[in-house]
Amino acid sequence: LCLSCGGATVRAVAMASQPTTLLKGKQVSVFPWPSCIFWMSTWYLSSGVTLFANRVILKNGCSPPVLAMIQIVSSAFFGAIKLASDGSSLNHPTAAKVASAASSEGRD
């Protein structure tokens with residue numbers, strides 16, 4: 001931390017690591033903070049609900065291997081449905097950039 005410049009160096013390094021774009025001649029961060037916070041909160045909430053639901057299911061006499069198998073099969077099933085749908089994340093432009101970057105790294 002640079003005290004003489006009020007931490008401007010630290011802020012500049014932090015901003016350089018975030019994706020930016022030019023908007024009306026100014027560099028603007030394009031990291032979707034509100035969306036990220038919403039989806040992370042949703043993930044934590046659903047994980048908590050699942051944790052307590054599993055506890056209740058196991059208390060009511062379900063076998064742990066049966067519960068695990070049901071969860072694995074349902075995850076695979078819904079994942080396959082997502083990939084088979086037209087809105088597949090594999091068609092996203094970012095996925096294509098990552099794939100092309102990975103293939104170009106292998107050539108070096």
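Connectivity analysis of hydrophobic side chains (ILVMFWY, heavy atoms under 4.5 Å, direct or indirect) links Val49 to nothing; its cluster partners are none. Connectivity analysis of hydrophobic side chains (ILVMFWY, heavy atoms under 4.5 Å, direct or indirect) links Phe78 to Phe77, Ile81.
Counting only residues at least two apart or on different chains, no side-chain hydrogen bond (donor to acceptor under 3.5 Å, both in side chains) pair has a member in residues 36-47.
Rounding to the nearest 0.5 Å gives a distance of 4.5 Å between CD of Gln71 and CG of Asn54. Note: Ser85 OG to Leu83 CG = 7.5 Å, rounded to the nearest 0.5 Å.
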